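One structure below.
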Amino acid sequence: MSGADALIEFLRGEETRGVKTVHLDEEAKVLLRELHRRAKNPAKAAAVPMREEPARAVLTEEEPKVEKPAVFVPVIEAPADGSAAQRIAALAKQAENWEPARKLGTLRGTMVFSTGNPEADLMLVGEAPGYQEEQQREPFVGAAGQKLNDILKAMGMARESVYISNIVKFRPATGGQTTNNRKPTLEEMASCISFVRAEVEIVKPRCIVALGATASEGLLGLTGSVGAMRGCWHEFSGIPVRVTYHPAYLLHNNSGAQDKRRVWEDMLEVMEKLGLPISEKQRAFFLPKA
Ligand code: URA
């Protein structure tokens, strides 16, 4: 790839991620000026080849050094025609052979898109399919999925009434993989995030729950612990987002009633946002007995 192509790819990637300002080094500026000059006078430019040095766009000292995935992802237009279910199905079809994800070479071949009601008020987003999800081609069907179903039941909601999806639509691959899973990388998340944006545009949920730190990073671009990210409303594509612990976290031996209560408090906020009725019994779930 030429320096100019690399620079354009980098800038498009930044635009896709919503970055409004970038600082370019001198070399990148020279390339951009040259591209501009060529665009104004294509006939003359064709006679002279472009310089092929690699371009680098650098962050200034003041900016936080957040590692950005170097992957260019075309924006996906949500299919315009049909019912929400038909539009989601059309989107899932596009994901089947999604080149930006495939060309990374780090994701497995089976595409797992979403499940549930494409017109739901509540959308839940996890990180990526695991072994069970890949087998059944449905998000959250393993042990973590059972826990998620329990949480929804406690909220008075059926799994079928909400929309459940993942940031990454393919199971991250590892060497000699059997049932073991790994969390997706930033590049892998960036390769699929346009689908999540299109899903939100179709489903139009009133509220989104980001399940765990990885989903929150992919969705909101935040890094850090779930503890630091939860407890307030964030936003994705104009929709309020609540961060909570991944249901798998609640399955760990060292996760106790306090963690369950924390998740439950997040869900009470979500229920309030959705205007769902909350009984006194529900409010007291997972509180220590008096
Ligand atoms: N964990 C996730 O984040 N997503 C799934 O679909 C399953 C487990």
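Since the model is a prediction, treat every value here as computed from it, not as a measurement. Counting starts at 1 for both ligands and their atoms, in listed order. For the single chain, residues carry numbers from 1 onward in sequence order.
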Salt-bridge present ([X], [Y]; N to O < 4.0 Å):
X: E127; Y: K183; value: no
X: E265; Y: R261; value: yes
X: E199; Y: K169; value: yes
X: R262; Y: D259; value: yes
X: E138; Y: R159; value: yes

Quiz item: When you look at CD of E99, are more than 12 heavy atoms from neighbouring residues, nucleotides or ligands closer to it than 6.0 Å?
Solution: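 Result for CD/E99: enclosed.
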
Quiz item: By number and element, which atoms of ligand 1 are closer than 4.0 Å to a non-hydrogen atom of P139?
Solution: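 Once the distances to P139 are compared, the set is 6 (O).
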
Quiz item: For ligand 1, which atoms sit closer than 4.0 Å to a heavy atom of G126?
Solution: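 Heavy-atom distances to G126 below 4.0 Å select 3 (O).
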
Quiz item: What part of E133, side chain, backbone, both or neither, has a heavy atom within less than 4.0 angstrom of ligand 1?
Solution: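 For E133, the contact with ligand 1 is made by the side chain alone.
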
Practice problem: Give the contacting part of A128 toward ligand 1: side chain, backbone, both or neither, where contact means a heavy-atom distance below 4.0 Å. | Solution: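 For A128, the contact with ligand 1 is made by the backbone alone.
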
Quiz item: Does even one non-hydrogen atom of Q132 get within less than 4.0 Å of ligand 1?
Solution: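 Distance cut 4.0 Å: Q132 fails for ligand 1.
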
Quiz item: Would you call G142 a ligand 1 contact, heavy-atom distance under 4.0 Å?
Solution: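 Outside the 4.0 Å threshold, so no.
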
Quiz item: Could an N or O of ligand 1 be found under 3.5 Å from any N or O of F140, whether backbone or side chain?
Solution: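 So ligand 1 has an N or O lying under 3.5 Å from an N or O of F140.
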
Quiz item: Nearest protein heavy-atom contact for atom 1 (N) of ligand 1: which residue, which atom, what distance?
Solution: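 Going by distance alone, atom 1 (N) of ligand 1 is nearest to H246 NE2, 3.2 Å.
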
Self-check item: Heavy-atom proximity to atom 4 (N) of ligand 1, best of T115, N166, V141
Solution: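 Among T115, N166, V141, the closest heavy atom to atom 4 (N) of ligand 1 belongs to N166.
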
Quiz prompt | Student check: side-chain heavy atoms of F140 and Q146 closer than 4.5 Å | solution =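 No, side chains not in contact.
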
